[in-house]
Amino acid sequence: MKPFSRPMNLALLSAFAALMVATRFNHFGDALHLPDASMALFFLGGLYLRRHWQFVALLALAVAVDWVSIEYAGVSDFCVTPSYAFLLPAYAVLWYGGRLYTPRLDGRIGPLLGAAGVGLVAASVSFLISNGAFYWLGGRYENPHFAEYLARAWQWGPLFVRTTMMYVAVALAVHGIVAFAQRGRAAHAVDSH
């Protein structure tokens with residue numbers, strides 16, 4: 001896939017930032033709020049934005065939103081432990097997984113399904129990094145052991161991965177629809193000459 005023009009790239013970065021701000025306060029969503037889109041945005045950012053500085057910018061935004069939500073919005077700081085630093089590799093897995101796949105991405109169904117598969121693997125690995133770091137290094141569990149970790153990972157992992165994949169699926173469906181429409185316009189232009 002060709003890189004977007006600079007204005008389109010910055011517009012997409014702005015849209016991703018706005019969606020992160022709008023959803024990061026509420027991890028699981030409720031009747032009034034969408035669930036946290038952060039994991040999906042890091043994958044989609046790698047897929048569509050690709051620039052390293054944009055990864056850093058979204059990471060800084062995530063930290064800033066967390067800080068504001070804890071300091072001013074009354075959100076619990078339970079998850080902020082030394083393991084919070086592991087969000088960097090967890091989000092990097094998503095970003096660079098998308099970035100590595102992007103040369104194969106086009107509007108055809110096969111590459112779109114491939115992108116979804118890479119997103120699923122990246123989201124799963126990302127969750128295991130962040131959740132594993134929290135469980136083993138966060139200091140919140142007095143006697144951590146592997147069976148309890150597996151139970152907790154199984155309890156929360158599918159929810160985080162499913163939420164991520166919901167956003168990724170919507171983005172890839174939009175990508176497919178836009179690509180299909182562009183192919184139709186190109187075919188029509190060729191036929192009319």
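Keep in mind it's a predicted model, so treat the numbers as computed, not measured.
Heavy atoms only, all atoms of each residue included: F43 and A122 are closest at CD1-CB, 4.4 Å. Pairing each heavy atom of P35 with each of T23, the nearest pair is O-CB, 3.4 Å. Closest heavy-atom contact between A179 and G107: CB-CA, 3.3 Å. When all heavy atoms of V93 and V125 are compared, the pair lying nearest together is CG1-CG1, 3.9 Å. Nearest approach of V21 to V65, heavy atoms of both residues: CG2-CG2, 3.9 Å. G138 and S83 make their closest contact through CA-OG, 4.0 Å (heavy atoms, listed as atom of the first residue, atom of the second, distance).
Taking the six-membered ring for Trp and thresholds of 30 and 60 degrees, F160 and W156 have ring planes more than 60 degrees apart, a perpendicular arrangement.
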Passes ring pair (Phe, Tyr, Trp, His ring centres under 6.0 Å), Y48 versus F16? Steps please. CA-CA 11 Å; Y48 294 114; F16 283 8; 7.2 Å; no
Between Q54 and N9, is a side chain to side chain contact (heavy atoms under 4.5 Å, CB included) present by the stated rule, with each step listed? CA-CA 10 Å; Q54 292 172 315; N9 183 280; 2.3 Å; yes
Steps toward side chain to side chain contact (heavy atoms under 4.5 Å, CB included) verdict (R99, H52): CA-CA 10 Å; R99 194 166 190 254; H52 302 293; 3.2 Å; yes
Show the numbers, then the answer: is there a side chain to side chain contact (heavy atoms under 4.5 Å, CB included) between L41 and Y167? CA-CA 8 Å; L41 291 170; Y167 286 112; over 6 Å; no
Take M165 and L120, measure what side chain to side chain contact (heavy atoms under 4.5 Å, CB included) needs, and give me the verdict at the end. CA-CA 7 Å; M165 293 311 298; L120 179 64; 4.0 Å; yes
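L150 and W136 fall within a single hydrophobic cluster, where Ile, Leu, Val, Met, Phe, Trp and Tyr side chains are chained together by heavy-atom contacts under 4.5 Å. Side-chain heavy atoms closer than 4.5 Å link hydrophobic residues (I, L, V, M, F, W, Y) into clusters, and following such links, even through other members, never connects I109 to L105. The hydrophobic cluster containing V118 does not contain V170, counting ILVMFWY residues as joined when their side-chain heavy atoms lie under 4.5 angstrom apart, directly or transitively. Grouping the Ile, Leu, Val, Met, Phe, Trp and Tyr side chains by contacts below 4.5 angstrom, directly or via other members, places V63 with M20. By the rule that hydrophobic residues join a cluster once side-chain heavy atoms approach within less than 4.5 Å of another member, L159 and L128 end up as members of one cluster.
Within the model, atoms OG of S14 and CG of L19 stand 12.5 Å from one another, a figure rounded to the nearest 0.5 Å. The CG atom of D66 lies 7.5 Å from the OG atom of S38; values are rounded to the nearest 0.5 Å. Atoms CG and CH2, from L88 and W95 in turn, are 13.0 Å apart once rounded to the nearest 0.5 Å.
Side chain of Y91 to main chain of S126: no donor-acceptor pair is present (N/O by atom type, distance under 3.5 Å, no hydrogens or angles). Checking side-chain atoms of Y135 against main-chain N and O of H145 turns up a donor-acceptor pair under 3.5 Å. The backbone N or O of A62 lies less than 3.5 Å from a partner atom in the side chain of R24, making a donor-acceptor pair.
Partner of F42 under the side-chain contact (heavy atoms from CB on, under 4.5 Å) criterion, chosen from L58, T164, L47: L58.
Between F55 and L49 the shortest side-chain heavy-atom distance does not fall below 4.5 Å. Taking 4.5 Å as the limit, every side-chain heavy atom of L137 sits out of range of all side-chain heavy atoms of P82.
Summarising the local packing, CZ of F86 is surrounded by 12 or fewer heavy atoms from other residues, nucleotides or ligands at distances under 6.0 Å.
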